[in-house]
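Given the structure is predicted, the values throughout are model-derived calculations rather than measurements. Just so we're on the same page: letters track the sequence lines, and every chain starts at 1.
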There are 2 protein chains.
Amino acid sequence: MLILPKYHAIDCVIFNAGNSVYLDMRMQKRATIHDIAKLLNITSGTVSRALHNDTRVKALTKKKVLDAAKKLNYKPNTNASNLRTGDSKIIGVIVPQMDINFFSNVIVGIEEVASKNNYNLIICQSNDLYEKEKASVETLIKQNVACIILSLAGGTENTEHLVEAVKHNIPLIQFDRTDENLLTDRVVNEIDNIVMDMMQHLFDQGYRDIAYMAGPQNIDIFKKRRTAFEKSLEKLGLPYDAKKIISYDLSRASAKKAAEKLLTRKKRPDAIFASSDFGALGAWEVSKEMGLRVPEELGICGFSNEFYTEITKPSITTVNQFSKEMGQAASRIFFESLHRGAFEKPQTVVITPELIIRESTTRLPKKANH
Amino acid sequence: MLILPKYHAIDCVIFNAGNSVYLDMRMQKRATIHDIAKLLNITSGTVSRALHNDTRVKALTKKKVLDAAKKLNYKPNTNASNLRTGDSKIIGVIVPQMDINFFSNVIVGIEEVASKNNYNLIICQSNDLYEKEKASVETLIKQNVACIILSLAGGTENTEHLVEAVKHNIPLIQFDRTDENLLTDRVVNEIDNIVMDMMQHLFDQGYRDIAYMAGPQNIDIFKKRRTAFEKSLEKLGLPYDAKKIISYDLSRASAKKAAEKLLTRKKRPDAIFASSDFGALGAWEVSKEMGLRVPEELGICGFSNEFYTEITKPSITTVNQFSKEMGQAASRIFFESLHRGAFEKPQTVVITPELIIRESTTRLPKKANH
DNA sequence: ATGAAAGCGCTAACAC
DNA sequence: GTGTTAGCGCTTTCAT
């Protein structure tokens with residue numbers, strides 16, 4: 001069954017181009033190694049070896065084969081070689097959404113390393129839905145991908161579908177939003193210290209009444225950030241107040257609503273630490289609407305260094321997660337294990353994030369260099 | 001040869017998890033239809049038919065096959081069926097960069113339609129380099145993808161590599177940055193009217209000395225936008241002045257430099273129309289630095305409706321290109337032709353963009369509703 | 001240095 | 001309704 005979207009409700013013109021050579025360009029049939037073999041009166045085995053630059057093949061034969069391949073416009077059929085060798089040279093990637101900066105950057109990192117190793121990427125979106133993630137894993141298993149690199153969907157309830165992949169000998173590499181109960185390779189950010197550093201920074205800037213916008217608690221990374229926040233309160237000797245911790249679902253709308261709730265309390269916090277940049281953006285928007293001066297009356301900071309945090313006035317303090325590097329590391333784990341030729345105990349690569357202090361939390365004059 | 005990036009220069013910790021069941025979970029061998037057949041004492045042909053819900057197979061047999069498949073944890077091997085049928089159910093996508101909002105949105109649109117039709121995406125980045133684009137096309141041909149959807153790299157000099165794909169019976173669908181000499185299906189935005197509309201808007205707001213930031217002229221879409229700009233000057237009875245048209249390479253740095261050049265001229269323009277949002281952002285940044293009041297002293301508008309144009313103060317007037325819809329339309333073209341089962345004359349889908357008027361160009365009070 | 005041949009897992013035409 | 005069989009294009013072992 002064919003499923004198609006309607007064209008968008010906006011105006012839309014479709015027209016046909018004039019007579020074209022489009023059809024005429026098409027070949028009858030793709031050349032195979034057999035065609036090359038026939039042309040040269042040798043066997044396809046030799047052709048295959050020649051194309052793989054096997055040392056046993058005579059230089060002259062190699063040259064002839066290469067020439068014939070060019071002449072016949074031969075392209076190897078990866079499906080056939082995959083079937084034969086059981087190796088697809090494809091990495092499957094599953095992310096919640098690829099139009100989120102963080103994820104597209106990770107993908108760029110994965111792709112960079114993959115393409116250098118002549119691997120391709122099949123990219124799936126889970127849209128944060130368990131069912132879609134499950135379907136994606138299924139597809140990738142069928143495609144016989146060499147490995148799956150993924151960040152868990154917010155809605156993922158259990159990880160049986162991932163175990164399934166491992167059962168089919170497909171190594172799994174989790175990044176960022178991971179399930180710790182699933183012992184696989186993983187790439188994550190260090191959390192406790194960076195949250196503490198951010199809190200120390202807020203403290204140093206004189207903020208004492210710090211509210212927290214917590215992400216979805218079923219995603220372990222957001223749970224961890226929240227726990228780290230609570231621990232840091234203690235370390236700084238600040239009181240814990242459940243009312244100062246508010247949840248939101250990472251969307252912009254929900255972020256705004258959450259920020260509004262915090263900022264309209266009778267005892268307004270003097271700073272908001274959001275577990276994502278959308279959270280910080282929401283706080284920033286509400287502060288504008290309320291006419292609050294940032295950073296004087298309200299400090300704001302987020303997490304991820306999304307592009308817009310640099311653009312806002314005042315610019316927003318945040319955390320650089322080194323997303324591209326996370327992708328590179330994930331790819332690297334795979335290619336290293338491939339190189340070793342054996343599974344090993346799962347590795348965890350912990351990437352230390354970096355504080356990016358901007359205007360939204362800088363209300364004291366800089367200390368002189370010492 | 002194995003090529004790996006170093007971990008990022010930042011701190012990095014790697015450790016092994018405790019003893020895991022990771023290894024033990026792996027299966028000996030993936031089940032095939034033959035395994036199912038053996039188990040049930042039938043032939044693999046029947047199994048294949050049963051799995052495809054062929055009407056000729058007895059209901060009981062179907063049930064048995066399905067049960068056995070589940071029991072053996074059978075997953076079809078797409079490589080094998082692709083090889084047999086010559087149909088990969090994969091769409092190849094090539095974009096300059098996937099971490100640009102516009103492109104990741106298009107990809108989301110493509111993916112949406114593709115996944116509904118049980119097709120997967122292999123996504124390649126050209127990084128605006130001709131060589132990388134060429135290599136990507138090569139890979140996609142080898143993968144025997146069902147079609148290639150692409151937006152040309154800035155650096156693409158000729159389109160022989162694309163003709164190559166068509167020669168291998170792989171339909172090509174161009175979007176946004178297209179080559180008109182290559183007669184393929186395409187999805188583009190309407191340009192002349194939207195540029196004229198923007199110019200009319202600027203004119204209505206009293207801007208008379210409008211400068212233009214032109215993108216790379218080897219990309220036809222940027223050439224067209226520029227031509228449309230020049231035509232609209234004429235229509236509005238404004239003088240053409242070559243000094244008011246400046247080129248930049250779409251990067252943020254180059255945008256800033258270009259804007260600086262325009263705004264430090266002795267006769268400063270009263271508006272800047274940039275051919276991309278990065279251009280507009282550059283102008284916006286320079287205006288801030290120079291203390292120019294926007295929109296009073298300088299009008300700024302861009303193209304693409306990147307997220308940050310909404311965030312800046314003042315927010316930036318721009319053009320909604322309906323990127324996601326472009327992706328959907330591209331996918332749709334493919335599936336429609338697939339459904340028809342034949343090539344036809346190349347189609348062009350023209351999507352009408354939408355003016356998004358924001359603060360950066362609104363200096364007159366709104367007219368009352370009539 | 002090359003040929004011969006088997007087979008990866010699946011589909012589909014043909015036979016009964 | 002099911003079995004038989006050939007073969008998609010490639011790799012690779014075993015001969016020679």
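For the pair A:Y74 OH and D:dG9 C1', the computed distance is 8 Å after rounding to whole Å. Per the geometry, CD1 belonging to A:I36 stands 8 Å off P belonging to D:dC10, to the nearest Å. The interatomic distance linking B:L40 (CG) with D:dG1 (P) rounds to 18 Å, in whole Å. Across the protein-nucleic acid pair, A:D35 atom CG and D:dG9 atom P stand 8 Å apart, rounded to whole Å. Residue B:I42 contributes atom CD1, which lies 14 Å from atom C1' of D:dT4 at whole-angstrom precision. Taking atom NE2 of B:H34 as the reference point, atom P of D:dA6 lies 14 Å away to the nearest angstrom. Taking atom NZ of residue A:K63 and atom P of nucleotide C:dA1, one finds them 18 Å apart after rounding to whole Å. Straight-line distance from the CG atom of A:D54 to the C1' atom of C:dA1: 10 Å, rounded to whole Å.
OP1 or OP2 of D:dG3 has not a single side-chain nitrogen or oxygen of B:K58 nearer than 4.0 Å. For C:dG9, one of the phosphate oxygens OP1 or OP2 lies less than 4.0 angstrom from a side-chain nitrogen or oxygen of B:K29. Residue A:T61 has a polar side-chain atom (N or O) positioned under 4.0 Å from OP1 or OP2 of C:dT2.
Counting any heavy atom pair closer than 4.0 Å across all strands shown, A:S81 reaches sugar-phosphate atoms only and no base atom. Among the protein residues, A:N144 comes within range of no part of the nucleic acid, since none of its heavy atoms lies under 4.0 Å from any strand. Residue-level contact check: A:H52 touches the backbone only, with heavy atoms under 4.0 Å from sugar-phosphate atoms and none from bases.
With sequence neighbours excluded, no residue forms a side-chain hydrogen bond (donor to acceptor under 3.5 Å, both in side chains) with A:N118. Applying the ring pair (Phe, Tyr, Trp, His ring centres under 6.0 Å) criterion to A:F175, with sequence neighbours excluded, gives no partner residue. Residues forming a ring pair (Phe, Tyr, Trp, His ring centres under 6.0 Å) with A:Y74 (at least two apart in sequence, or on another chain): none. With sequence neighbours left out, the side-chain hydrogen bond (donor to acceptor under 3.5 Å, both in side chains) criterion links A:N77 to no other residue.
For A:L83, the listed nucleotide lying nearest its side chain is D:dG9; candidates were C:dG3, C:dC10, D:dG9.
In terms of position along DNA chain D, the nucleotide closest to B:A80 lies nearer the 5' end than the nucleotide closest to the other residue of the pair B:A80 and A:L51.
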Which protein N or O atoms sit under 3.5 Å from an N or O of nucleotides 12-16 of chain C?
from, atom 1, to, atom 2, distance (Å)
C:dA13, N6, B:R49, NH1, 3.3

Could you list the donor-acceptor pairs under 3.5 angstrom formed by side chains in residues 41-49 of chain A, with sequence neighbours left out?
from, atom 1, to, atom 2, distance (Å)
A:T43, OG1, A:T46, OG1, 3.3

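A side-chain contact (heavy atoms from CB on, under 4.5 Å) with B:I122 holds for exactly one of A:I90, A:L121, A:I123; it is A:I90.
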After noting the C-alpha distance and the side-chain angles of B:K62 and B:D67, does the key distance pass the salt bridge (Lys or Arg N to Asp or Glu O under 4.0 Å) rule?
CA-CA 9 Å; B:K62 271 185 200 167; B:D67 288 349; over 6 Å; no

